[in-house]
Structures are given as C-alpha cells and as structure tokens.
Amino acid sequence: SARDPAPTTSSSMSDSCGGVHKSSDVTGNFPLTAQNSPVGAQGRYNETNGSYRLTTVSSHLFRSTNFTNLPLGTASSTMCVWVRPNALPSVGQNINIFEYGGTLSYTMRLLGMRNNGGQEYLTFRSLAETLDYPFTLSTTNWSHLCMTFQNIGTQWINIYVNGYNLGRQSPANALNTTTGSNVTLGGPMVGGDTYFDGFLADARIYDRVLNEAEIAELAQDADSTLVGPSFNTAATGLLNHYTFDAFGATPSLNDRGPL
C-alpha cells in the first residue's frame, strides 16, 4: 500500500483516509471548534460528510490559543490541506485557508490565496509580508495544498499544488512564529480579509519539512476502496488528526489523536 507520512506537529483534519498509530506519533488532544455553522459535506470520494463546507457568512474552524504541540520560532514545518473553493478571490481580496501563530508582524504562518490586479495567487503570509505563487485553484475539483517552511541559515517557503512545487521563495524579513492567536481554517486573521468559501478536508501540520516524494504521496488521489480505510504505514509523529469521517452522521470535531 502507499505510504502517508503522518504530521509531526499538527492541527489536522482528514477525510476517509485515516492511519495506523505509530510510536513516533505524539499524542495530543486539541479539538477544533466550529464557528458560525459550517456544515458536513460530501468528501473527496463522494462519501457523506467527508469534508466541511464553509460559506462566506463567517463560518470557519479554529483551535483556540493552545500551541502546546506546534512548531514555533524558526522551527521547520509543513502545512497541508485538501481544498475545493466555491469562489476565488476577487480583485484585491485576501482569503486565508490555514494558519496559526501570533498577531504581530512576522509571527504567523499562513497559507492562503489572493487576487492582485486580476492575477490569482496562492500565498504565504506572515501578517506583514506576502509571498505570491501564481496559481488559479479549481472550483470544481479538489486540490491538495502543502506549504513548507525551512530555516537553513536562509528561510525558505515552498508551496505545492497536487504534488507540484510552485517554487521556493525567501521572506525578506525573518519569520519568528509566536503564540497569541488561533489555529484557524477558513477564517480571516487580519482585518479586511475574506472568509474562505468552499470545502476543506485533511488538514495537517508537521514539525518537519516533508520531501517532495512524501508530499506527492499525500497528493495522490487514492481510492479508499482500493487502499482501505488507511494507507499510512509509517507514521512519523502526528500530533492531532481531525478526521471528519462520521460515515453519515454529523462530522466530529474531536481530535482523533495520532494516526
């Protein structure tokens, strides 16, 4: 079976592809909270309640200010999530997808999208700085996003779509991630930003930089009927996992713990 690297420092929600608990996973219990009525929706495999549907009416998911198990300072990380936006940013809009960190300049790790002058971008933002990666997400198909942060003397940010590396950029001002805000999926962290309108599944944060092969594994469109309920055979430190796989019931927001 294929391997699915397990997040080592993570706020993570996942669709029907779960995992096997390995001793290297770090146990935690950090559930998300639903804000303003996001609803369970069809998942990537057309399963009932395999994702969350967020609307523009300020619905989002968050984990309040407990940062016990997240990479802070200049520690390496990878943030991944499956998305299917219902709407893309209009000119001048910033839409945040997945973020955590502080509330001051250069203290947040934020994966989002924006429209600047009619061009669509995926973005890394640290509150005071934005790095743009030209790309227009599909509004009809699921896309897998990963953003890596690595500090090797120079800080580097890579963004991947469906396993493809859009490029590597270095922020002009060093990132030093702190606490002070929520882990948030789909909600704005900066005044004037726009809520994410669309579907989210399988959000993860790792405390290391996944390599391109591992990201490609996560991005594969695995059919759960072929690989079974799990294709994770070598977990490497998943801290939190929000599966959203209630199999017909309202998707749970509980932390399932490590894979």
Side-chain angles (χ1 to χ4, degrees), residues 1-15 17-20 22 24-26 44-45 70-71 74-85 97-100 109-113 120-126 130-138 141-171 174-175 177 185 200-224 226-227 230-241 258-259:
S1 63
R3 290 189 172 184
D4 176 9
T8 48
T9 302
S10 170
S11 283
S12 161
M13 38 172 215
S14 154
D15 53 22
C17 293
V20 177
K22 298 293 182 179
S24 58
D25 294 333
V26 181
R44 291 193 296 121
Y45 308 115
L70 294 179
T74 60
S76 296
S77 67
T78 302
M79 302 168 67
C80 299
V81 62
W82 284 91
V83 301
R84 181 160 67 88
I97 298 171
F98 192 7
E99 64 268 0
Y100 76 93
R109 303 185 188 193
L110 187 155
L111 172 62
M113 54 184 179
E120 296 287 343
Y121 296 94
L122 292 173
T123 61
F124 161 80
R125 299 172 68 197
S126 61
T130 299
L131 300 179
D132 287 326
Y133 299 74
F135 192 83
T136 302
L137 285 174
S138 171
N141 297 314
W142 284 93
S143 298
H144 184 258
L145 307 181
C146 274
M147 180 177 74
T148 65
F149 169 78
Q150 185 175 29
N151 182 31
I152 48 175
T154 300
Q155 295 185 349
W156 294 106
I157 311 292
N158 289 268
I159 292 182
Y160 296 80
V161 180
N162 297 332
Y164 177 76
N165 189 350
L166 296 182
R168 183 176 77 162
Q169 298 188 50
S170 178
L175 181 69
T177 306
L185 291 145
L200 298 172
D202 201 358
R204 303 165 176 236
I205 306 173
Y206 296 77
D207 67 359
R208 64 185 179 89
V209 175
L210 298 187
N211 62 43
E212 292 194 354
E214 291 173 314
I215 291 173
E217 291 280 0
L218 291 176
Q220 64 180 323
D221 192 15
D223 184 338
S224 60
L226 298 178
V227 300
S230 170
F231 55 93
N232 183 348
T233 60
T236 53
L238 176 66
L239 300 181
N240 309 118
H241 197 200
L259 292 180

Closest non-hydrogen atom pair, Gly167 against Tyr133: O-CE2, 3.3 Å
For Glu120, all residues meeting side-chain contact (heavy atoms from CB on, under 4.5 Å), sequence neighbours excluded: Leu88, Pro89, Asn115, Thr136
Approximate separation, where rounding is to 0.5 Å, of Phe124 CZ and Trp156 CH2: 13.5 Å
Whether Thr74 side chain and Asn151 backbone form a donor-acceptor pair below 3.5 Å: no
Side chains of Glu214 and Thr78 in contact at under 4.5 Å (non-hydrogen atoms): no
Nearest atoms (heavy-atom pairs only) where Leu218 meets Cys80: CD1-SG, 4.0 Å
Atom pair CG/CD1 of Leu185 and Ile97 - distance to nearest 0.5 Å: 10.0 Å
Any side-chain heavy-atom pair of Tyr100 and Thr177 under 4.5 Å: yes
Single hit among Thr123, Leu137, Asp132 for side chain to side chain contact (heavy atoms under 4.5 Å, CB included) with Met113: Leu137
From Arg44 atom CZ to Ser143 atom OG, the distance as rounded to the nearest 0.5 Å: 11.0 Å
Separation of Ile152 CD1 from Ser76 OG (nearest 0.5 Å): 8.5 Å
Nearest atoms (heavy-atom pairs only) where Arg168 meets Asn158: CB-OD1, 3.2 Å
Tyr160 and Thr148, any side-chain heavy atoms less than 4.5 Å apart: yes
Interatomic distance, Leu175 atom CG to Arg109 atom CZ [nearest 0.5 angstrom]: 5.5 Å
Spacing of Phe149 atom CZ and Ser126 atom OG [to the nearest 0.5 Å]: 10.0 Å
Considering all heavy atoms, the nearest Ser170-Thr154 contact: OG-CG2, 3.3 Å
Shortest non-hydrogen separation from Arg204 to Phe98 and the atoms involved: O-CE2, 3.4 Å
Shortest non-hydrogen contact between Leu166 and Leu122, atoms and distance: CD1-CD1, 3.9 Å
